[in-house]
Amino acid sequence: MYSSKENVNILTSLLVQHGVRHAVVCPGSRNSPISHNLNECPEIECYPVTDERSAGFYALGMALTLCKPVAVCVTSGTALLNVAPAIAEAFYQHVPLVVISADRPEQWIDQLDGQTMPQPDALGRFVKKAVNLPEPKDDEQRWYCNRLVNEALNETNHHGYGPVHINVPISEPLFEYNVAELPDERRIHLINSRCDRYKLSIACSDQFVAAKKPMLVIGQMSMEQLLPAEISMISQCAVVINEALSLGNGGSHFNEVLYAVSEDPEFQPDFLLYVGDTLVSKRVKKWMRTLKDTKIWMVSENGNIHDTTMNLYGVIEGRAADVIEDLCESVKTKHMSPTSKYKARWDMALRKTADMTMTFKPGYSHMAAVKLFEEKIGTAINCYVHYGNSSSVRLASFYARHFVYCNRGVNGIEGSLSTAAGGSVVTDSKVFCVLGDLSFFYDQNALWNQNLKGNLRILLLNNQGGTIFRMLKGLEQSEARDKFVSGSHHATAEGICMQNHVKYLKATDMEELAEGVNTLIHADSDHPILLEVLTDAKEDVRIVNEYYQKLKL
């Protein structure tokens, strides 16, 4: 029987899956659940050593001889500090040691309780990775615990060998052993696509080729990272979904498709490769977190684990373009055939949604403004188009047929206009910035700048507050929503434009909007031009909801 402590059982299971077969165990009561599990586990051989300083070097000697990771387990308090000399030696000799320290619950640190001290990061820069496990109370915390252990154990052999530290807070009671079996924990595999191309071939590539319902999801990428022409080959045999922030041809309307079919198992892939960074669509992230039976791989340039899907099977370290190239070679070599039914189902849904988006005629609103602007811009080959965060970039996902710049690294509203303005001073091409009122007024000093030229064009969507807050279900019940949450205001940009020598245009209906967009895009000017589209927030929300309702008809 194993310990009743869930974080200890998760750790034990993953030690086995990552190939740890030897553990040096030091005495103590706080680490007794870990010591018990290591001794109980048939795959791990334990070696008792009383002195922690000596134990660290025992583990070092084993790892040097075996050329494999070895664990050393200590109790709470200064016991951890006593392994520091051996860990420092392991760090400079590049030896894979796994330091496992038991700890008191966080709330008792520095409260004059016995054997307590701040243990997370206590080994400083002498370990490649240090993690502090939660004591799971729900599925999300269990996922987090699993992810942290995977991150630490993968780091023992990532860009060279070295030691890692796993700190395990354990609450009382300590001495319950009533779990019959260890949990079947998910191991997150790590593959270097260029150095371990054989591993890539037998793992990710083989799963991709064998899949009946393969999918490629592309997150945000910079222009320099844009995927090669080989992506078209992948799209012949797999569903490829992306947003306007990831490819130069705009988004693929998958967010709207999932609104209509997210619970239909026929749309769920059996293999998913995720490349690029963040996705704007919260819906697709939530959907991917339901794909428990899908083999999900992610490409990470530095090999770090970004478990956005909460179901990650493996990480491929490398450039997205290189991994796609490797997959294309596998497709050619193994003669992968198109997955007709699955791909046809997605293709039909995407085409239907794209047609509906183009034919839907929104009334005067922010949605109408972005639709008209994007129709006039077209493929935007000779200009740069920036969008502000939140509602603005979500409207771009409906209509943009070109690459979109957006500060989605952290998703803050500050700096959207400054980023576009900075880009405009180093090019003669037109630079457009489409953003909401809160983003604009927050970043109005972007226009207080002597470097600006006439190529900067701003489409300001002003409905006197953050639109996104009117679309969050449940928030309407709060009396604080308008004044304190959504930033309600009565400001316009006219005075700001006047003081900064920016040409000011205003739209209050469809006729003025059409005329203003035409001027914004085509007019010659020595100074920046701003078109402020003044709308009603309730109408903006109503029209977007009407659009989504038509998707289910």
Side-chain angles (χ1 to χ4, degrees), residues 244 250 358 361-388 391-393 395-396 398-406 416-437 439-441 443-444 446-464 491-536 539-540 543:
M358 291 301 107
K361 296 181 180 180
Y364 179 73
S365 61
H366 286 176
M367 190 175 192
V370 172
K371 184 177 191 291
L372 181 59
F373 170 77
E374 287 295 347
E375 287 174 348
K376 297 294 184 181
I377 287 291
T379 56
I381 296 175
N382 297 316
C383 63
Y384 300 87
V385 183
H386 293 249
Y387 270 83
S391 296
S392 301
V393 73
L395 291 173
F398 296 153
Y399 298 113
R401 305 266 55 85
H402 53 80
F403 184 79
V404 165
Y405 293 87
C406 184
S416 297
L417 184 55
S418 290
T419 302
S424 73
V425 302
V426 293
T427 181
D428 292 326
S429 299
K430 287 190 176 76
V431 176
F432 295 94
C433 184
V434 183
L435 76 171
D437 44 84
S439 295
F440 174 81
F441 292 117
D443 195 23
Q444 61 182 281
L447 301 180
W448 183 35
N449 194 303
Q450 61 184 342
N451 300 304
L452 298 181
K453 304 178 295 185
N455 63 335
L456 178 62
R457 309 296 169 95
I458 304 160
L459 180 60
L460 170 56
L461 309 174
N462 187 356
N463 60 10
Q464 301 183 332
T492 69
E494 186 171 7
I496 296 170
C497 290
M498 183 180 299
Q499 73 179 22
N500 291 294
H501 305 290
V502 174
K503 183 175 180 180
Y504 176 76
L505 306 171
K506 180 176 70 174
T508 58
D509 56 35
M510 289 297 289
E511 185 177 349
E512 291 177 346
L513 176 62
E515 183 179 346
V517 167
N518 187 63
T519 301
L520 187 74
I521 294 174
H522 299 295
D524 293 328
S525 176
D526 293 330
H527 298 282
I529 301 176
L530 181 146
L531 170 62
E532 184 168 27
V533 181
L534 298 166
T535 62
D536 177 74
E539 183 67 2
D540 288 332
I543 288 174

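From a predicted model like this one, the values you see are computed outputs, not experimental measurements. Excluded from the calculations below are hydrogen atoms, water molecules and symmetry mates; all remaining heavy atoms, backbone and side chain alike, are included.
- For E515, the CD atom is loosely surrounded, since the number of other residues' heavy atoms within 6.0 Å does not exceed 12.
- Counting heavy-atom neighbours within 6.0 Å of N451 CG, excluding the residue itself, gives a total above 12.
- The backbone N or O of F441 sits less than 3.5 Å from a side-chain atom of Q444, completing a donor-acceptor pair.
- Scanning all heavy atoms of the two residues, the minimum distance from C406 to V393 falls at SG-CG2, 3.8 Å.
- Put simply, the side chain of F398 does not reach to within 4.5 Å of the side chain of V370, judged on heavy atoms.
- Although no hydrogens or angles enter the test, the distance criterion places a donor-acceptor pair under 3.5 Å between the side chain of S365 and the main chain of A368.
- Put simply, OG1 on T427 and CG on L456 are 11.5 Å apart, with the number rounded to the nearest 0.5 Å.
- Side-chain atoms of E532 and Y504 include a donor-acceptor pair closer than 3.5 Å.
- One finds the CD atom of Q499 at 12.0 Å from the CD atom of E494 (value rounded to the nearest 0.5 Å).
- Between H501 and H527, the angle of the ring planes lies from 30° to 60°, which puts this pair in the tilted group.
- Nearest approach of K371 to P362, heavy atoms of both residues: CD-CD, 3.7 Å.
- Heavy atoms only, all atoms of each residue included: H386 and A420 are closest at CG-CB, 3.7 Å.
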Handout entry: Residues N455, D428; criterion side-chain contact (heavy atoms from CB on, under 4.5 Å); working and verdict
Key = CA-CA 7 Å; N455 63 335; D428 292 326; 5.7 Å; no
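- Scanning all heavy atoms of the two residues, the minimum distance from V385 to E374 falls at CG1-OE2, 4.4 Å.
- Judged by distance alone, with hydrogens and angles left aside, the side-chain atoms of N462 form a donor-acceptor pair with the main-chain N or O of A491 at under 3.5 Å.
- Of the inter-residue distances, the one linking T519 atom OG1 with K503 atom NZ reads 6.0 Å to the nearest 0.5 angstrom.
- Looking only at side-chain heavy atoms (C-beta outward), H366 and S391 stay at 4.5 Å or farther from each other.
- Rounding to the nearest 0.5 angstrom, the gap separating the CG atom in L531 from the CG atom in L505 is 5.5 Å.
- Residues passing the ring-ring contact (aromatic ring centres under 6.0 Å, His included) test with F440: none are found, sequence neighbours excluded.
- A side-chain donor-acceptor contact under 3.5 Å links E512 to the backbone of T508.
- Here the side chains of D437 and Q464 are not in contact, with every heavy-atom distance at 4.5 Å or above.
- Put simply, the side chain of D509 gets close to the backbone of E511: a donor and an acceptor are under 3.5 Å apart.
- For the side-chain contact (heavy atoms from CB on, under 4.5 Å) test with Y364, the passing option among V533, I543, D536 is V533; the others fail.
- Panel note: side chain K506, backbone A493; no donor-acceptor pair is recorded below 3.5 Å.
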Practice task
Could you please spell out the steps behind the side-chain contact (heavy atoms from CB on, under 4.5 Å) verdict for H402 and V404?
Solution key: CA-CA 6 Å; H402 53 80; V404 165; 3.8 Å; yes
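- Looking at heavy atoms from C-beta onward, V425 lies out of side-chain contact with N449 at the 4.5 angstrom threshold.
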Problem - Step-by-step side-chain contact (heavy atoms from CB on, under 4.5 Å) determination, T535 to L461 - result: CA-CA 8 Å; T535 62; L461 309 174; over 6 Å; no
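- One distance of note links CG of L435 with OG of S416; it measures 6.0 Å at 0.5 Å rounding.
- The distance from atom CZ of F373 to atom CG of L513, rounded to the nearest 0.5 Å, is 11.5 Å.
- Remark: the backbone N or O of L417 is paired with a side-chain donor or acceptor of D443 at under 3.5 angstrom.
- The shortest heavy-atom contact between P528 and V502 is O-CG1, 3.4 Å.
- Of the possible donor and acceptor atoms, one in the side chain of S392 sits under 3.5 Å from a partner among the backbone N and O of G436.
- No more than 12 heavy-atom neighbours from other residues, nucleotides or ligands sit within 6.0 angstrom of CE on M498.
- Here the shortest heavy-atom pairing between L447 and N500 reads O-OD1, 3.2 Å.
- Residues M367 and Y399 have side chains in contact (heavy-atom distance under 4.5 Å, counting atoms from C-beta outward).
- Classification of the Y405-Y384 ring pair by plane angle, with boundaries at 30° and 60°, yields tilted.
- Side-chain atoms of W448 and I496, non-hydrogen and from C-beta on, never get closer than 4.5 Å to each other.
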